[in-house]
Structures are given as C-alpha cells and as structure tokens.
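Here is the structure we will look at, set down as structure tokens.
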Amino acid sequence: MTDCLFCKIIAGDIPAKVVRETDRTLAFRDINPQAPTHVLVIPKGHHRDVAALAATDAELLAALLLEAHEVAAAEGVAETGYRVVFNTGPQAGQTVFHVHAHVLGGRDLRWPPG
Ligand code: AMP
Ligand code: ZN
C-alpha cells in the first residue's frame, strides 16, 4: 500500500533500525520505545490489523508470533519475560493500520495495562 508507513519501511523508503528479517516478516525498533526492549514485528504483506491477518493467513500469524519470540530471545528477555501486544482499533491506541506485534520487555510491566 503506497500510503502505509510500515509498507514504506518494508520497501526501504523510510529508514528503520532492523533487528531481524525473514522472507515474510520484518522486526525493527519502535521509534518511541516504551520499555528497554520495544521492537515491532510486522508481516511484509499489508493487513490492517491482527484480525484481518488471522482471517487471511493464519500460518503467517503463527510465523509472526514465532518471530516475536525470536526477537525476545535475541534481546535477552525471553527468560525474564516479555509482552506481545496487538493494539487493534483506535480506542486501543492503534495508530498504524498495518498489523504489528509490539514486543516489550526489560522492565516490570504493569497489569492491567493502561
Ligand atoms: P500502534 O499505536 O499500536 O499502532 O503502534 C504504532 C507504533 O509505531 C508506535 O509505537 C510508534 O512509536 C511506532 N512508530 C511510528 N513511526 C515509526 C517509525 N518510523 N519507525 C519505527 N516505529 C514507528
Ligand atoms: Zn502496510
């Protein structure tokens, strides 16, 4: 999608601090980190949110979640604990409508989230 920020990152038109890449996914650091580890994991194909991805390609969603774990392991937070968040819809705080898993860790995370 031409007007999608994350599609532009995938295309290399906007720079990002890439931490991992597979043929179908890209993981890069959030520009406004909310924890010592804050990485976004996205599919290279455009889907507006996690529900759309689940309905269209459940296997890619599974690959995205496995990648989220690989990011956590590479960041050294897999054992201490990490959170995977899919903000879905405006009231949940979704601002970029290209599905992305937030991988957050490296500090105590409050529950319930704000
Ligand atoms: P959400 O609010 O769940 O849609 O998450 C969007 C996330 O994208 C936010 O945490 C932003 O800080 C992050 N973000 C926005 N622009 C960029 C960018 N150019 N590079 C990396 N992360 C970004
Ligand atoms: Zn997109």
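One is the number of the first residue; the rest follow in order along the sequence. Indexing begins at 1, ligand by ligand and atom by atom, following the structure's order.
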Is the shortest N/O to N/O distance between Phe6 and ligand 1 below 3.5 Å? no
Students often mix this up, so state it plainly: with edges at 30° and 60°, are the rings of His38 and His102 parallel, tilted or perpendicular? tilted
How about His47 and Leu60: do any of their side-chain heavy atoms sit closer than 4.5 Å? yes
Any idea which atoms of ligand 1 are less than 4.0 Å away from a heavy-atom of Asn87? 3 (O)
For atom 12 (O) of ligand 1, what's the nearest protein heavy atom and its distance? Asp30 OD1, 2.5 Å
Electrostatic pair Glu75-Arg29, nearest N-O below 4.0 angstrom: yes
Using side chain to side chain contact (heavy atoms under 4.5 Å, CB included) as the criterion, point out the one residue from Val103, Ile42, Val41 that pairs with Glu67. Val41
Taking the side chain as every heavy atom from C-beta outward, state whether Leu109 and Arg107 have any pair of such atoms under 4.5 Å apart. yes
Quick one: sort the His69 and Tyr82 rings into parallel, tilted or perpendicular, breaks at 30° and 60°. tilted
Hydrophobic clustering (ILVMFWY, side-chain heavy atoms < 4.5 Å, transitive) - are Leu53 and Phe97 grouped together? no
Among all protein heavy atoms in this structure, tell me which lies nearest to atom 16 (N) of ligand 1, with the distance rounded to 0.1 Å. Leu5 CD2, 3.3 Å
Please report whether ligand 1 has a polar contact with Val96, defined as an N or O pair separated by less than 3.5 Å (distance criterion only). yes
shortest atom 4 (O) of ligand 1-to-protein heavy-atom contact is with Thr95 N, 2.7 Å
Between Val50 and Ile10, is there shared hydrophobic-cluster membership here, with clusters defined by ILVMFWY side-chain heavy atoms closer than 4.5 Å? no
Which ligand 1 atoms are under 4.0 Å away from a heavy-atom of Phe28? 21 (C)
Top protein contact for atom 20 (N) of ligand 1, by heavy-atom distance: Ile31 CB, 3.8 Å
To the Zn ion (ligand 2), the closest N, O or S atom belonging to His98 is ND1
Closest approach to the Zn ion (ligand 2) by His46, given as the N, O or S atom name: ND1
With a 4.0 Å cut-off on heavy atoms, is Gly93 touching ligand 1? yes
Could you say whether the N/O atoms of His38 and ligand 1 ever approach to under 3.5 Å? no
Could you tell me if any non-hydrogen atom of Lys17 lies under 4.0 Å from any atom of ligand 1? no
Can you tell me if Asp108 has over 12 outside heavy atoms packed within less than 6.0 Å of its CG? no
Taking distance alone, with no angle check, do Gln94 and ligand 1 share an N/O pair under 3.5 Å? no
Residue part near ligand 1, for Leu40, under 4.0 Å between non-hydrogen atoms: side chain
Heavy-atom contacts with His100 under 4.0 Å: which atoms of ligand 1 show up? List them by number with element. 1 (P), 3 (O), 4 (O), 5 (O), 6 (C)
By the definition side chain to side chain contact (heavy atoms under 4.5 Å, CB included), identify the one residue from His100, His98, Gln94 that meets it with Asp49. Gln94
At less than 4.0 angstrom from any non-hydrogen atom of Arg29, what atoms of ligand 1 do you find? 21 (C)
At a 4.0 Å threshold, what atoms of ligand 1 neighbour a non-hydrogen atom of Asn32? 12 (O)
Is there a side-chain contact between Phe86 and Leu61 in this structure, where contact means two heavy atoms from C-beta onward sitting under 4.5 Å apart? yes
